[in-house]
Structures are given as C-alpha cells and as structure tokens.
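Order of listing sets the numbers, starting from 1, for every ligand and every atom in it. Keep in mind that the numbers below use all heavy atoms, side chains included, and drop hydrogens, waters and symmetry copies. All figures in this text were calculated on a predicted structure; none of them were measured in a lab.
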Amino acid sequence: METIKIAVLGAGNIGSAVTRGLAVHKHASVTLWNRSQKRLDKFGNCNGTVTTCDLKAAVTGAKYIFICVEGPAVIPVLDDCVRYVVPEETIIVSCAASVTLAQLREAAPDFAIARLLPNIAAAIGESANLFCSSLMTPEQEKELIELCKASGPVLELPEEQFAVGMVLSSCGIAYAARYIRACMSGGVALGLTASQAARLAAEALRGTAALLEADGAHPEQLIDSVCTPGGVTVAGLNAMEERGFSPAIVHGMLTAAKKV
Ligand SMILES: NC(=O)c1ccc[n+]([C@@H]2O[C@H](COP(=O)([O-])OP(=O)(O)OC[C@H]3O[C@@H](n4cnc5c(N)ncnc54)[C@H](OP(=O)(O)O)[C@@H]3O)[C@@H](O)[C@H]2O)c1
C-alpha cells in the first residue's frame with residue numbers, strides 16, 4: 001500500500017486528537033495545519049507529523065483533507081482549500097458537528113465528501129466515530145473507513161441521526177467524566193483520596209463497557225447480577241434514582257440534541 005498524504009486542518013481539541021489517531025496508521029503521512037502557530041507549538045511532535053501555518057503546503061497533493069476548525073470557519077477554509085486541490089485526487093472529510101453534507105457540497109461541488117464525527121478519544125484510538133458520505137465510491141469509502149479506524153471504531157449512520165449520535169459519542173465523554181467527578185466527591189466523603197476514587201470509578205466504567213461489549217448483554221442484566229436482594233448496591237441505586245439519576249441523563253441528552 002502506498003503512503004497516503006493526509007492534511008488535518010485545525011489544531012484544536014478535535015484536530016489534535018484526530019491527527020494523533022491518524023498518525024499511528026502505518027501508511028499515513030499527516031500534515032497538521034493551523035492558521036496560527038500557538039496551537040501547533042502546543043501539539044508538539046507526534047509520529048513524524050508535519051505542522052504548518054501554510055494552507056497551500058498542507059493540502060497540496062493530499063488525498064484526504066480532514067477539516068477540524070470551528071463550525072463557522074469550515075466553509076471559508078474549504079473555499080480556500082479547493083483552490084489548491086482537484087476532485088479527481090482529493091476527498092474532503094469534515095469533522096464539524098454543525099455543517100451538513102449539502103453545505104459542504106455547495107462549497108466543493110464535484111468532490112467526494114464525508115462527514116466524520118469523532119470524539120477526543122481519537123487521540124488514543126478509542127473514539128466512537130460517526131460516518132456518512134456523499135459522492136464516494138464504495139472503494140473510496142472502504143479505504144477512508146479503514147483509515148479512520150486508526151482513531152477508533154467507525155459507525156455508519158444516516159446524516160439525519162448525526163445530532164443524536166453525537167450526543168452519545170462526542171458529548172458522552174463529558175457526561176461520563178462528570179459521573180467520575182461525582183464519584184470522586186462521594187469517594188472522598190467516604191474516606192478515599194480523590195485519585196483513588198477516580199481510578200476505581202474509571203475502572204468500573206471500563207469494566208462495564210467491556211462486559212456489555214463481550215456479552216452483548218442488556219445493561220439491566222448487569223445491574224441484576226450486581227444487586228443482591230436487599231443489599232448494598234440496590235440501596236445505593238434506588239437512592240440515586242430518587243434524586244433523578246436516569247431522568248437527569250435523558251433530559252440532558254434531549255436538551256443537548258436540540259442545540260446541535
Ligand atoms: N471537541 C469535540 O469533542 C468535538 C467532537 C466532534 C466534532 N467537533 C467539531 O470539531 C471542530 C473543532 O472543535 P474543537 O472542539 O476542536 O474546537 P477548538 O479546540 O476550539 O479549536 C477550534 C479550531 O478552529 C480554528 N479556527 C477557528 N476559527 C477559525 C478561522 N476563522 N479560520 C481558521 N481556523 C479557525 C482554531 O484555530 P486558532 O488556533 O487559530 O484559533 C482551532 O484550530 C468543530 O467544528 C466541532 O463541531 C468537536
């Protein structure tokens with residue numbers, strides 16, 4: 001397989017994470033562009049990634065351009081890119097939450113285009129990636145999805161469901177982190193150090209996810225197998241539900257989805 005030249009545009013949280021994920025792919029040669037130098041300095045070195053503030057140098061000859069700038073800047077940056085690349089050689093991949101395939105298509109009419117919604121765990125190959133595309137051949141899709149798997153599993157989803165998917169996959173990092181933060185408060189109140197509590201809560205989350213994935217079980221089955229009748233776990237769980245644990249999560253997700 002030939003080396004694939006990739007340009008990642010935007011060295012913010014998601015651009016940096018996507019770059020770190022892609023950079024471990026053995027056939028990828030990644031250039032990270034940012035309009036200003038500061039974030040590139042912060043990014044540092046990663047598996048031979050080239051960093052630059054020169055957009056033309058970043059995108060010229062690139063087979064894939066991952067656009068990771070903030071929403072309102074996506075179309076202006078794409079407008080600049082299409083001056084330096086041609087549809088026969090380059091595929092556009094937008095990681096923006098709020099820009100649709102139709103809007104991207106208007107700015108780059110003849111290009112194959114994909115939307116990829118990663119989360120920040122892309123940096124360590126553990127992102128949940130949402131994917132949809134326009135004007136891509138099955139071969140192009142296959143290669144791109146293989147490439148994106150370097151940052152974590154890829155789930156193909158109709159674009160209409162991206163907002164909902166994102167609430168779980170991208171926003172989900174913040175929700176899970178807040179759960180761990182709350183466990184730290186509880187753990188400290190019960191006499192653990194904050195770091196002991198954080199570690200135990202994170203390991204419990206990791207174990208839960210691994211069990212669900214391994215067995216394909218429903219979460220309620222795991223709950224049943226942990227809750228001894230009249231025991232400690234169910235007492236805690238019921239007390240959490242009395243304070244709105246599950247409804248709070250559903251309410252938060254519905255609120256977030258309305259804002260995408
Ligand atoms: N964070 C997430 O978990 C997540 C998940 C999925 C998708 N996304 C999407 O990823 C994109 C970036 O989000 P982020 O969280 O990485 O934001 P961020 O950390 O604030 O980074 C924003 C990036 O956009 C660049 N930028 C802003 N205005 C620009 C302009 N006019 N021209 C060129 N570059 C410009 C910034 O460059 P400077 O350094 O020069 O300001 C920076 O590289 C968004 O479209 C978001 O929807 C984010």
Side-chain angles (χ1 to χ4, degrees), residues 6-23 30-44 46 49-59 62 64-84 92-104 107-108 113-133 144 148 150-157 159 161-178 180 252-253 256-260:
I6 300 168
V8 179
L9 310 182
N13 291 311
I14 213 69
S16 299
V18 164
T19 301
R20 290 186 197 285
L22 290 171
V30 188
T31 300
L32 175 61
W33 170 88
N34 204 63
R35 65 175 170 174
S36 53
Q37 185 62 38
K38 204 168 155 196
R39 287 190 202 253
L40 297 176
D41 292 339
K42 193 172 157 209
F43 180 81
C46 176
T49 298
V50 173
T51 58
T52 181
C53 294
D54 181 341
L55 184 67
K56 185 179 176 189
V59 300
Y64 294 101
I65 298 176
F66 284 72
I67 304 180
C68 301
V69 297
E70 66 176 38
V74 171
I75 298 299
V77 166
L78 180 55
D79 284 341
D80 282 345
C81 286
V82 296
R83 292 159 49 208
Y84 307 122
I92 308 294
V93 185
S94 168
C95 295
S98 57
V99 184
T100 64
L101 284 174
Q103 290 168 316
L104 296 160
I113 297 174
R115 286 185 66 192
L116 178 81
L117 271 189
N119 65 37
I120 54 166
I124 52 165
E126 296 281 355
S127 172
N129 296 299
L130 310 181
F131 180 89
C132 67
S133 71
L144 177 56
C148 293
S151 62
V154 177
L155 176 69
E156 290 186 68
L157 210 60
E159 187 175 33
Q161 293 180 338
F162 259 45
V164 177
M166 194 187 96
V167 169
L168 287 156
S169 63
S170 308
C171 309
I173 296 264
Y175 306 153
R178 181 58 64 86
I180 292 173
M253 288 176 60
K258 278 190 206 144
K259 280 199 65 104
V260 180

Under 4.0 Å from a heavy atom of [X]: which atoms of ligand 1 are those, numbered in the order shown and with their elements?
X: S36; value: 38 (P), 39 (O), 40 (O)
X: G10; value: 43 (O)
X: N34; value: 37 (O), 38 (P), 39 (O), 40 (O), 42 (C), 43 (O)
X: G71; value: 45 (O)
X: A11; value: 43 (O)
X: L117; value: 6 (C), 7 (C)
X: S170; value: 5 (C), 6 (C)

Checklist entry - Is any side-chain heavy atom of L9 less than 4.5 Å from a side-chain heavy atom of L32? => result no
Checklist entry - Within a strict 4.5 Å, meaning less than it, do heavy atoms of the T49 and R20 side chains meet? => result no
How far is [atom] from its nearest protein heavy atom, and which residue and atom name does that atom have?
atom: atom 12 (C) of ligand 1; result: C68 O, 3.3 Å
atom: atom 21 (O) of ligand 1; result: G12 CA, 3.3 Å
atom: atom 46 (C) of ligand 1; result: A97 N, 4.0 Å
atom: atom 24 (O) of ligand 1; result: E70 N, 3.1 Å
atom: atom 20 (O) of ligand 1; result: R39 NH2, 3.9 Å
atom: atom 2 (C) of ligand 1; result: I14 CD1, 3.7 Å
atom: atom 19 (O) of ligand 1; result: N13 N, 2.9 Å
atom: atom 31 (N) of ligand 1; result: R35 NH1, 3.3 Å

Show the nearest heavy-atom pair for residues [X] and [Y], with the distance to one decimal.
X: L78; Y: A107; value: CD2-CB, 3.7 Å
X: A121; Y: I173; value: CB-CD1, 4.3 Å
X: C68; Y: G15; value: CB-CA, 3.5 Å
X: W33; Y: A58; value: CB-CB, 3.8 Å
X: F43; Y: S16; value: CE1-O, 3.7 Å

Next on the checklist: Quiz question for you: does at least one protein heavy atom lie closer than 4.0 Å to atom 17 (O) of ligand 1?
Outcome noted: no
Checklist entry - Has ligand 1 got any nitrogen or oxygen that is less than 3.5 angstrom from a nitrogen or oxygen of V69? => result yes
Checklist outcome for this item: Between the CG atom in L130 and the CD atom in E159, the distance rounded to the nearest 0.5 Å is 11.5 Å
Item to check | Heavy-atom nearest option to atom 7 (C) of ligand 1, drawn from C95, P118, A122, S169 | outcome: C95
Checklist entry - Side chain of T52, backbone of D54: donor and acceptor closer than 3.5 Å? => result yes
Checklist entry - Is L157 atom CG crowded by more than 12 heavy atoms from other residues, nucleotides or ligands, each under 6.0 Å away? => result yes
Next on the checklist: Under the criterion side-chain hydrogen bond (donor to acceptor under 3.5 Å, both in side chains), I'd like the reasoning laid out for S127 against N129: C-alpha separation, chi angles, the key distance, then a yes or no.
Outcome noted: CA-CA 6 Å; S127 172; N129 296 299; 3.0 Å; yes
